[in-house]
Protein chains: 2
Amino acid sequence: MKNDLYKILVELSPNYKKNYLPSISIDCVVFGFHDASLKVLLLQLKNTTKWGLPGGYLKRDEDLNAGANRILKERTGAENIFLNQFKTFGKKNRSEEFFSDFPDDLWHKQRYISIAHYALINFEIVNPVIDQFSEACEWKEISELPELMMDHEDIFNEALLQLRRDLNYKPVGLNLLPEKFTMPELQKLYEIILDKKLNRGNFYRKMTRYEILEKLNETRKGGAHKAPDLYKFDEKKYKAALKTGLQESW
Amino acid sequence: MKNDLYKILVELSPNYKKNYLPSISIDCVVFGFHDASLKVLLLQLKNTTKWGLPGGYLKRDEDLNAGANRILKERTGAENIFLNQFKTFGKKNRSEEFFSDFPDDLWHKQRYISIAHYALINFEIVNPVIDQFSEACEWKEISELPELMMDHEDIFNEALLQLRRDLNYKPVGLNLLPEKFTMPELQKLYEIILDKKLNRGNFYRKMTRYEILEKLNETRKGGAHKAPDLYKFDEKKYKAALKTGLQESW
DNA sequence: ACAAAAGTGTTACCCTTACACCCATGT
DNA sequence: ACATGGGTGTAAGGGTAACACTTTTGT
């Protein structure tokens with residue numbers, strides 16, 4: 001019973017063997033923020049029910065960094081995306097089950113260690129593109145994830161933890177929000193990532209005190225209530241402030 | 001001009017090819033604390049002047065975790081060491097220069113990505129062991145590092161940064177200090193890792209307030225001055241406190 | 001006597017938390 | 001009117017930073 005995915009992999013196997021490093025794969029947890037909720041980009045492989053993180057392999061003549069950026073561009077069409085390598089997953093049987101029905105000499109069936117990255121991307125500029133192995137490429141709400149293949153749920157969970165730890169050290173807001181955003185939108189983003197409610201007045205004051213926001217002479221029209229003010233990040237000041245972290249002691 | 005290292009590598013090449021995963025190496029930044037200073041374990045390869053981090057390769061049937069522990073055990077004789085994988089280094093030319101005079105079909109000359117770990121180890125229980133490729137294996141003061149091969153200085157610097165960030169989240173003191181230690185010793189450790197002087201009284205109060213230390217009915221005899229009290233960590237409370245981090249807001 | 005260690009006190013300052021109040025504005 | 005947003009006030013509490021003082025004790 002040879003299905004589409006099977007045929008494609010068998011056909012491509014020799015080419016991969018020639019041009020890509022063995023044993024190494026790259027997986028990306030791509031975060032986007034939209035409609036007051038945090039989403040992650042997932043693929044559904046052909047002939048499977050489970051979903052997976054966008055990923056790929058490293059070319060023999062390619063820096064690790066460049067490989068991750070290339071893979072991301074293929075799936076989203078976007079370039080210069082904020083990418084952070086956060087952990088490498090190397091359990092020996094992490095993909096055994098998935099490939100159990102494939103031929104042993106298939107390049108893809110070898111053992112891989114996966115170098116995991118998370119990406120932060122402006123939801124609005126992404127155009128999800130399926131690849132030749134997939135039949136769907138969609139944004140999924142992080143609180144309603146479908147079942148994931150292999151150890152991709154572990155990878156996702158680690159990415160979310162890392163994102164939380166990075167909130168004061170990396171330009172998370174700058175990369176997840178559109179250029180112009182409102183204070184309630186920014187607060188919502190923080191609340192989702194930190195998984196806790198924050199006090200509105202205190203959040204406003206804290207953000208203002210950092211002096212990393214620039215208030216624009218515009219409001220977000222069209223809502224059901226008072227039009228909120230629009231802000232954008234002062235990128236220079238934001239990044240300067242992140243170098244020492246937005247708060248903390250020692 | 002075939003030197004010792006050259007001969008050993010050529011001889012072992014086929015065996016490595018058979019039993020180890022290609023393209024993947026593991027490097028360890030091993031920290032130890034002794035004599036009020038932080039040290040790192042380095043090897044000097046045969047026929048070279050530069051030093052390098054202890055490292056090795058991943059066996060085909062071995063979890064990544066297990067591989068790092070095995071490599072560490074070979075170099076230190078110690079087991080169950082605190083190990084933290086912190087970054088993977090994958091520039092395409094990271095080892096090109098080092099192997100330029102070696103034959104192209106040498107297993108070791110292929111391109112590697114290196115999965116870097118840092119280890120925290122009780123200096124007193126380590127017995128540095130040279131491997132077959134090396135002529136020295138020694139502790140070096142982190143402020144007086146010799147010249148390092150390839151990108152090992154980058155790896156070391158990243159490890160130190162990561163260690164600093166982890167100070168409130170990982171059992172750093174527990175793993176770097178002997179079982180019994182004094183308050184001034186603990187403070188010194190924090191000062192070196194954070195690279196700043198800390199106020200003695202405030203440090204004492206802060207540590208006491210965490211309730212992670214257990215004061216023993218003993219003092220450290222033999223010093224030139226008043227014998228300081230000995231403490232040990234209350235391991236349970238220490239680890240419980242680290243789960244949320246020793247301080248910080250949001 | 002001297003120097004390090006232990007323990008405590010003090011003060012100013014900053015930040016957080018939690019509430020509460022005002023006003024503005026779009027439907 | 002009502003819900004949301006913007007902006008500010010305040011009081012309690014907790015941690016930090018910096019300094020200083022005391023007592024203890026080993027050489």
Rounded to the nearest Å, what distance is computed from the [atom1] atom of residue [X] to the [atom2] atom of nucleotide [N]?
X: Leu246(A); N: dT16(C); atom1: CG; atom2: C1'; result: 16 Å
X: Leu198(B); N: dG15(D); atom1: CG; atom2: P; result: 17 Å
X: Lys226(B); N: dA4(C); atom1: NZ; atom2: P; result: 14 Å
X: Met207(A); N: dC15(C); atom1: CE; atom2: P; result: 14 Å
X: Asn199(B); N: dT11(C); atom1: CG; atom2: C1'; result: 14 Å
X: Lys188(A); N: dG5(D); atom1: NZ; atom2: C1'; result: 15 Å
X: Phe203(A); N: dG5(D); atom1: CZ; atom2: C1'; result: 14 Å
X: Leu216(A); N: dG5(D); atom1: CG; atom2: P; result: 18 Å

Ignoring hydrogens and geometry beyond distance, is the side chain of [X] in donor-acceptor contact with the base of [N] at under 3.5 Å?
X: Asp229(B); N: dA5(C); result: no
X: Asn202(B); N: dA17(D); result: yes
X: Arg205(A); N: dG6(D); result: no
X: Arg220(A); N: dG26(C); result: no
X: Arg209(B); N: dG14(D); result: no
X: Arg200(B); N: dA6(C); result: yes

Quiz question: by atom type and distance under 3.5 Å, do the side chains of [X] and [Y] form a donor-acceptor pair?
X: Asn122(A); Y: Asn175(A); answer: no
X: Thr208(A); Y: Lys206(A); answer: no
X: Thr219(B); Y: Asp229(B); answer: no
X: Glu158(B); Y: Gln162(B); answer: no

Closest-nucleotide mapping onto DNA chain D: is Gly201(B) or Pro228(A) further toward the 5' terminus? I mean the 5' end. Pro228(A)
If only side-chain N and O atoms of Tyr204(B) are considered, is one of them under 4.0 Å from the OP1 or OP2 phosphate oxygen of dA6(C)? no
Short side-chain N/O contact to dG7(C) OP1/OP2 from Lys215(B), under 4.0 Å: yes
Would you indicate which nucleotide in dA4(C), dG6(D), dT16(C) comes nearest to any side-chain atom of Lys206(A)? dT16(C)
Tell me which nucleotide among dC19(C), dA4(C), dA3(D) gets nearest to the side chain of His225(B). dA4(C)
Among Arg220(A), Lys232(A), Lys180(A), exactly one meets salt bridge (charged side-chain N to carboxylate O under 4.0 Å, His left out) together with Glu185(A). Which residue is that? Arg220(A)
